[in-house]
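Encoded as structure tokens, the structure appears first; notes follow it.
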Amino acid sequence: MAHSRLKVLGLASVAFMLLAACGGTSGPAAKVYKIGLVTDIGGLNDKSFNHLADVGLEKAKTDFKVQGDVVESKSGDDYVPNLTNFASKKYDLVIGVGFLMQTAVGTVSGQFPTVNFAIIDGAGTDANFNDLKHPNVQSLFFKEQDAGAMVGALAGLLEKQGKSKKPAHVISAVGGISIPPVNHYIAGYKWAATMEDPGIKVLIGYSNDFTDPAKCKNVAANQIASKADILFQVAGGCGLGVLQAAGQAGVYSVGVDADQKDADPSVIASALKKVDVATYTAIQNVVNGKFQGGALTFSIANDGAGYAIDNLTVPADIQAALDDLKAKIKAGTLTPPADIPA
């Protein structure tokens with residue numbers, strides 16, 4: 001009897017050893033994907049697109065159990081070292097946030113052809129901004145003009161009906177640097193505002209900065225002095241100064257990228273660019289083994305762009321007009337321009 005028990009125990013021990021050799025009863029541990037996010041110089045506290053990229057990363061960390069690490073760029077000189085830091089450690093995806101990082105992504109993706117890269121608002125380019133079309137780079141583009149059109153229509157309708165704070169048929173936009181993502185927003189804004197109020201004047205200025213609120217505040221003050229009473233900021237963290245200037249002058253403002261209703265009480269709407277959705281999508285593609293080079297474009301048609309109404313009760317007729325415009329853009333029967341109308 002004892003001999004039989006020992007024989008059974010011996011068989012059990014062998015079975016346990018075999019299971020252990022195969023990784024235990026739960027099988028081999030699942031791969032933990034490593035994601036590196038490099039912000040633009042605006043940093044995570046820009047309440048704009050860098051912040052949104054981090055929101056997308058955090059959601060992916062929760063949903064996919066990935067390892068997500070972030071490094072903030074303090075100047076353009078940091079782009080290549082920051083991207084290289086993640087690539088040299090063989091991260092599964094390295095994400096660059098912003099148009100200004102294009103040449104850096106082009107350089108580093110060429111040096112690390114087996115590492116996947118994604119870039120918000122751009123491609124991996126050479127020094128002349130020619131797309132190198134590296135197969136390991138995924139471009140995440142947006143039709144910012146769709147979102148700009150929605151807030152531009154709101155501004156135009158408010159001016160036309162005399163329902164802004166100091167209606168004089170003058171509105172404005174403050175861009176950071178004159179680059180395509182910024183100008184797409186302004187193009188849609190001016191186009192739609194003029195469509196709703198043909199007599200409107202749209203003032204456009206640039207701070208040549210994405211980080212210093214004082215510079216944007218100065219541009220905004222000049223526009224307010226020229227009777228602008230709805231101001232659209234398209235300048236990242238710098239643009240927070242536009243919202244503050246509008247609040248102090250008792251006029252309306254419009255936020256950008258994220259919903260900026262809490263940035264200042266003057267914010268009546270925000271043009272939404274769903275950088276969080278794009279970032280999450282790129283990570284999801286890697287985790288699911290579906291990453292590929294090329295471009296993905298986010299717009300109203302695929303819910304990658306839109307708008308939010310903030311700190312304002314919109315009259316029913318204006319809301320109906322906005323709903324109609326959004327439906328037409330989504331259906332493709334109206335197409336906001338990518339270039340600022342003359």
Side-chain angles (χ1 to χ4, degrees), residues 30-74 78-102 104-105 108-109 112 115-124 136-142 144 147 181 210-211 236-237 255-260 262 270 272-298 302-306 308:
K31 173 180 170 64
V32 176
Y33 288 86
K34 294 191 294 183
I35 313 298
L37 182 73
V38 178
T39 77
D40 205 340
I41 56 177
L44 293 175
N45 294 323
D46 64 352
K47 299 184 180 180
S48 188
F49 68 104
N50 286 298
H51 162 71
L52 285 174
D54 188 52
V55 169
L57 174 60
E58 288 299 318
K59 178 171 170 53
K61 285 166 66 174
T62 298
D63 291 356
F64 308 129
K65 309 303 179 190
V66 299
Q67 174 188 329
D69 299 305
V70 181
V71 62
E72 295 183 89
S73 302
K74 302 303 181 184
D78 293 339
Y79 297 155
V80 167
N82 287 344
L83 293 165
T84 301
N85 173 55
F86 289 132
S88 64
K89 294 174 181 174
K90 295 183 168 52
Y91 271 55
D92 297 286
L93 177 66
V94 181
I95 305 171
V97 184
F99 179 88
L100 299 179
M101 219 175 290
Q102 289 190 110
V105 168
V108 182
S109 62
F112 296 90
V115 175
N116 296 321
F117 292 81
I119 176 171
I120 303 290
D121 286 343
N136 59 329
V137 177
Q138 188 170 81
S139 299
L140 305 173
F141 291 118
F142 297 83
E144 294 92 353
F210 281 120
T211 60
V256 76
D257 295 335
D259 188 342
Q260 296 189 314
D262 296 327
S270 295
L272 303 181
K273 172 170 159 176
K274 300 183 182 179
V275 174
D276 53 335
V277 172
T279 303
Y280 181 91
T281 299
I283 297 169
Q284 184 179 42
N285 288 340
V286 167
V287 172
N288 291 341
K290 295 181 179 179
F291 179 93
Q292 58 183 13
L296 298 178
T297 300
F298 298 84
N302 60 13
D303 296 320

Interatomic spacing from CG in Asn288 to CD1 in Ile283 - rounded to 0.5 Å
12.0 Å
Could you tell me which residues satisfy salt bridge (Lys or Arg N to Asp or Glu O under 4.0 Å) with Lys59, sequence neighbours excluded, listed by chain and number?
Asp63
Any sub-3.5 Å donor-acceptor pair from Asp257's side-chain atoms to Val275's backbone N or O?
no
Any donor-acceptor pair under 3.5 Å from Ser73 side chain to Ile41 backbone
no
Count the heavy atoms belonging to other residues, nucleotides or ligands that lie under 6.0 Å from CG of Asn45, then report whether that count exceeds 12.
no
Looking at Gly98, is its backbone amide N or carbonyl O close enough to the side chain of Asn50 to form a donor-acceptor pair, meaning the two atoms are under 3.5 Å apart?
no
His51 and Leu44: which non-hydrogen atoms are nearest, and at how many Å?
CB-O, 3.5 Å
Between Pro181 and Lys273, what is the shortest heavy-atom contact and its length?
CB-NZ, 3.9 Å
For a side-chain contact (heavy atoms from CB on, under 4.5 Å) check, start with the C-alpha distance between Tyr91 and Gln67, then their side-chain angles and the critical distance, and finish with the verdict.
CA-CA 10 Å; Tyr91 271 55; Gln67 174 188 329; 3.4 Å; yes
By side chain to side chain donor-acceptor pair (under 3.5 Å) - contacts of Tyr79 (at least two apart):
Asp40
What's the shortest heavy-atom distance between Ala118 and Ala282, and which atoms?
CB-CB, 4.2 Å
Rounded to the nearest 0.5 Å, how far apart are CG of Leu37 and CG of Leu83?
10.0 Å
Proximity of Phe86 and Phe117 rings by center, below 6.0 Å
no
Rounded to the nearest 0.5 Å, what separates atom CG in Asp46 from atom OG1 in Thr39?
8.0 Å
Grab the two heavy atoms, one from Phe142 and one from Gly304, that are nearest each other, plus how far apart they are.
CD2-O, 3.8 Å
When you compare the side chain of Asp276 with that of Thr279, does any pair of heavy atoms fall below 4.5 Å?
no
Between Ser270 and Val256, is there a donor-acceptor pair closer than 3.5 Å when you use the side chain of the first and the backbone of the second?
no
About how many Å separate CG of Asn116 and CD1 of Ile95, when rounded to the nearest 0.5 Å?
10.5 Å
Nearest 0.5 Å please: distance from the CG atom of Asp259 over to the CG atom of Leu272.
6.0 Å
Of all heavy-atom pairs between Ala53 and Val97, which one has the smallest distance, and what is that distance?
CB-CG2, 3.8 Å
What pair of heavy atoms forms the shortest contact from Asn82 to Glu72, and how long is it?
ND2-O, 3.9 Å
Looking at CZ of Phe49 and CZ of Phe210, how far apart are the two atoms once the value is rounded to the nearest 0.5 Å?
6.5 Å
